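Each remark here refers to the structure printed beneath this line.
Small disclaimer: the values here were computed from a predicted structure and weren't measured. Below, read A as the first sequence line, B as the second, and so on, with proteins coming before strands; counting in each chain starts at 1.
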Amino acid sequence: MDDDLVETGLGVHRESVITVEGSVEEESRAPTGVEILPETVDVLAEADPELPLDPSGKVDAELPTRLDNRSLDLRKAEVKAVFEIRAEMLRAVREQFRALGCTEINTPKIVATGTEGGTELFPITYFGREAFMNQSPQLFKQLMVGSGLERVFEIGPIFRAEEHNTPRHLNEATSIDFESAFFDESDAMDACESVVIAAYEGVAEHCQNELETLGLAEEFAVPDEGFPRIPYEEAIEQINATGELDEQLVWGDDLPTEGERALGEEIGEHYFITEWPSEIKPFYIKDLDEDETLSTGFDLMHPRMELVSGGQREHRHSHLIEGFEQQGLEPEAFEYYTKMFKYGMPPHAGWGLGGERLVMTMLGLDNIREAVIFPRDRQRLSP
RNA sequence: GCCCGGGUGGUGUAGUGGCCCAUCAUACGACCCUGUCACGGUCGUGACGCGGGUUCAAAUCCCGCCUCGGGCGCCA
């Protein structure tokens, strides 16, 4: 072999980008059974000898180090596999939405008012006017069911300014939203279940290599149809019965994180919690006709955490206005929304699914930041 | 927002007042060995977040700041 080639080959630092031309020779001692006998070696992009993390995986790096150097991090097969699976999940979900007869829409992310009050919004300046980053496509997708589109979905970013610091929250997340005219909450849950199962099926079908890389090939299972639907009242009774909580829950309490986990452990699969107290669900969720202290709101839970929140919507204009007032919101600020309920808004239902949470629970990731290439959290604004 | 915990070579770590001009692994550099392939060997380079304080003595204790992680509330 040419001395210059040897020189180049020995001088190139790991993770540099090179081109090698030569003949492929069988070689039983090589791990792949073949070796390339080079005729030329060109260094296209030299890498610094000291790397900020080790892509070979011999030495671990902590998550912040990895996120600061994401390109290098993504050279690791296990990290890459997560995002290949995420991409497949999104593809499968889109396909299922189309099978359900949905039209994909995109709604504004810069808005004049919040969606539902409660969660914190990021303020921005919009040509000198106060504006916000949208926390949810909720109101916009509802307006679509009264349009000619009637059944829609959107996959897009949502922004929440909550200063939480947990392994399951992001300040910029991917929301998978669904809304359909002439659906009640039960129809919406059916659709929700089918979309979650489709995501798992897509991954099972197209990502076997990635699952193997992650060491999940054996255990990965598509969830069975017919997720249990547990009324809120039963859910709190079951949680109380586990004895995991220091204080017993009473009707009207939201489920604390610890309670969710205790219940999840008990049930051991995806499940819906239905018939939430009206008072802890937002104004746009419809109450049950037979008992207005209960709402049509539901949550889809994975044993580890909440994945989806949904329900049948309040489509009656006068009830909607009342709801705004009860939550201390000014209906006037939302007139762009409420006025469309005066011109024939069909009964409808829908839900929003946390895309990163779906990936995280599907792959058993410890931290939701592992499911986003460039996550935005309380501390992190770049890269 | 409230409450915990942490910041030591490029990376990941050991080190709870003197044994530390700081351990180990990996990386990096030099040499040697070698049909190696997570090669092996010898030698070398390289670090206590910042500022103040306590003490004869501080990586170690105290205070402030910066920064990161976690728990809860809330949520997807």
Side-chain angles (χ1 to χ4, degrees), chain A residues 1 9-15 25 27-37 47-69 72-73 76 114-121 134-138 154-178 192 196 245-247 253-261 276 280-282 297-302 304-311 350-361 366-369 371-372 375 377-381:
Chain A
M1 207 187 301
L10 291 176
V12 68
H13 294 126
R14 63 193 185 131
E15 299 301 319
E25 307 284 344
E27 174 52 70
S28 58
R29 284 166 300 197
T32 56
V34 292
E35 283 186 347
I36 296 175
L37 196 59
D48 277 356
E50 293 216 315
L51 302 172
L53 59 79
D54 173 20
S56 80
K58 269 182 285 195
V59 181
D60 285 339
E62 293 199 342
L63 189 55
T65 306
R66 294 174 43 206
L67 295 176
D68 285 338
N69 302 280
L72 281 179
D73 187 45
K76 291 189 272 193
T115 304
E116 19 196 304
T119 61
E120 304 277 329
L121 299 167
N134 204 189
Q135 60 165 259
S136 161
Q138 180 63 34
E154 173 166 13
I155 299 176
I158 56 171
F159 304 91
R160 303 199 172 177
E162 295 287 342
E163 296 197 40
H164 36 45
N165 192 4
T166 81
R168 61 186 186 285
H169 286 97
L170 294 164
N171 292 294
E172 177 175 351
T174 307
S175 186
I176 299 172
D177 271 89
F178 168 84
C192 180
V196 169
L245 265 49
D246 294 338
E247 276 185 48
D253 285 344
D254 215 333
L255 301 190
T257 306
E258 207 182 351
E260 281 182 2
R261 262 196 293 263
W276 287 79
I280 56 174
K281 283 290 171 188
F298 63 84
D299 285 357
L300 173 65
M301 309 295 297
H302 177 275
R304 286 176 69 194
M305 72 189 75
E306 180 180 345
L307 290 182
V308 171
S309 184
W351 41 263
L353 161 64
E356 284 80 14
R357 287 193 176 182
L358 182 59
V359 174
M360 179 185 183
T361 53
D366 291 331
N367 194 312
I368 197 163
R369 295 164 181 85
V372 191
D377 62 35
R378 168 84 189 277
Q379 317 292 350
R380 183 168 291 275
L381 192 51

Return the 5'-most residue of the pair Glu260(A), Asn367(A) with respect to RNA chain B, ranking by each residue's nearest nucleotide. Asn367(A)
Should Asp60(A) and Arg66(A) count as an ion pair when the cut-off is N to O under 4.0 Å? no
Mind checking if Arg378(A) touches a base, just sugar-phosphate, or nothing, with heavy atoms under 4.0 Å? nothing
Which pair of heavy atoms, one from Asp54(A) and one from Val59(A), lies closest together, and at what distance? OD2-N, 3.1 Å
Can you tell me how far P of rG70(B) sits from CZ of Arg380(A), to the nearest Å? 11 Å
Nearest to side-chain heavy atoms of Lys58(A), which nucleotide of rA27(B), rG29(B), rA76(B): rA27(B)
To the nearest Å, give me how far apart CG (Leu121(A)) and P (rC74(B)) are. 18 Å
Please give the distance between the P atoms of rC68(B) and rC21(B) as a whole number of Å. 32 Å
Any salt bridge linking Asp299(A) with Lys281(A)? Criterion: basic side-chain nitrogen under 4.0 Å from a carboxylate oxygen. yes
Of all the heavy-atom pairs spanning Ile368(A) and Arg168(A), show the shortest one and how long it is. CD1-O, 3.6 Å
OP1, OP2 of rG71(B) versus side-chain N and O of His169(A): anything below 4.0 Å? no
When you compare rG18(B) with rC61(B), how far apart are their C1' atoms, in angstrom units rounded to a whole number? 15 Å
Nearest-nucleotide pick for Glu163(A), side chain only, options being rA38(B), rG1(B), rU36(B): rG1(B)
Produce the list of close N/O pairs, under 3.5 Å, pairing protein atoms with atoms of nucleotides 9-12 of chain B; give distances to one decimal.
residue : atom : partner  : partner atom : Å
rG10(B) : O4'  : Glu50(A) : OE1          : 3.4
rG10(B) : O2'  : Leu51(A) : O            : 3.0
rU11(B) : O2'  : Asp60(A) : O            : 3.0
rG12(B) : OP1  : Glu62(A) : N            : 3.1
rG12(B) : OP1  : Thr65(A) : OG1          : 2.8
rG12(B) : O4'  : Asp60(A) : O            : 3.0

Are OP1 or OP2 of rC72(B) and a side-chain N or O of Arg261(A) less than 4.0 angstrom apart? yes
May I ask you to check whether over 12 heavy atoms, not counting those of Glu25(A), lie within 6.0 Å of atom CD? yes
Taking the side chain of Thr166(A) as its heavy atoms from C-beta onward, which of rG73(B), rU26(B), rG69(B) lies nearest to it? rG73(B)
Report the distance from atom NZ of Lys281(A) to atom P of rC74(B), rounded to the nearest whole Å. 12 Å
Winner on side-chain proximity to Glu162(A), out of rG73(B), rA76(B), rG70(B), is rG73(B)
Between rA76(B) atom P and Asn134(A) atom CG, what is the distance in whole Å? 13 Å
Counting only distance, no hydrogens or angles, is the base of rA76(B) paired donor-acceptor with the side chain of Arg160(A) under 3.5 Å? yes
What nucleotide among rA76(B), rC75(B), rC28(B) has an atom nearest to a side-chain atom of Leu170(A)? rA76(B)
Check: Asn69(A) side chain, Leu72(A) main-chain N or O, donor-acceptor pair, under 3.5 Å: no
Could you tell me how far apart Glu25(A) (CD) and rG35(B) (P) are, to the nearest whole angstrom? 20 Å
Are the side chain of Glu15(A) and the backbone of Pro55(A) linked by a donor-acceptor contact shorter than 3.5 Å? no
What is the minimum heavy-atom distance between Ile158(A) and Pro137(A), and which atoms define it? CG2-CD, 4.0 Å
Check the distance between rG73(B)'s C1' and Glu247(A)'s CD and give it to me in whole angstrom. 14 Å
Identify which one of Met360(A), Arg357(A), Arg261(A) satisfies the side chain to side chain contact (heavy atoms under 4.5 Å, CB included) criterion when paired with Arg304(A). Met360(A)
Has Ser136(A) got a side-chain atom pairing as donor or acceptor with Gln138(A)'s backbone, closer than 3.5 angstrom? yes
Base, sugar-phosphate alone, or nothing: which one does Asp299(A) contact when heavy atoms must sit under 4.0 Å apart? nothing
Stems of at least 3 consecutive Watson-Crick or G-U wobble pairs (donor-acceptor distances under 3.5 Å) involving RNA chain B, listed by first number, are B:1-7 with B:66-72, B:10-12 with B:24-26, B:28-32 with B:40-44, B:49-53 with B:61-65
With a non-hydrogen cut-off below 4.0 angstrom, is Leu307(A) in contact with a base, only sugar-phosphate, or nothing? sugar-phosphate
Could you check how far NE2 of His164(A) sits from P of rA76(B), rounded to whole Å? 10 Å
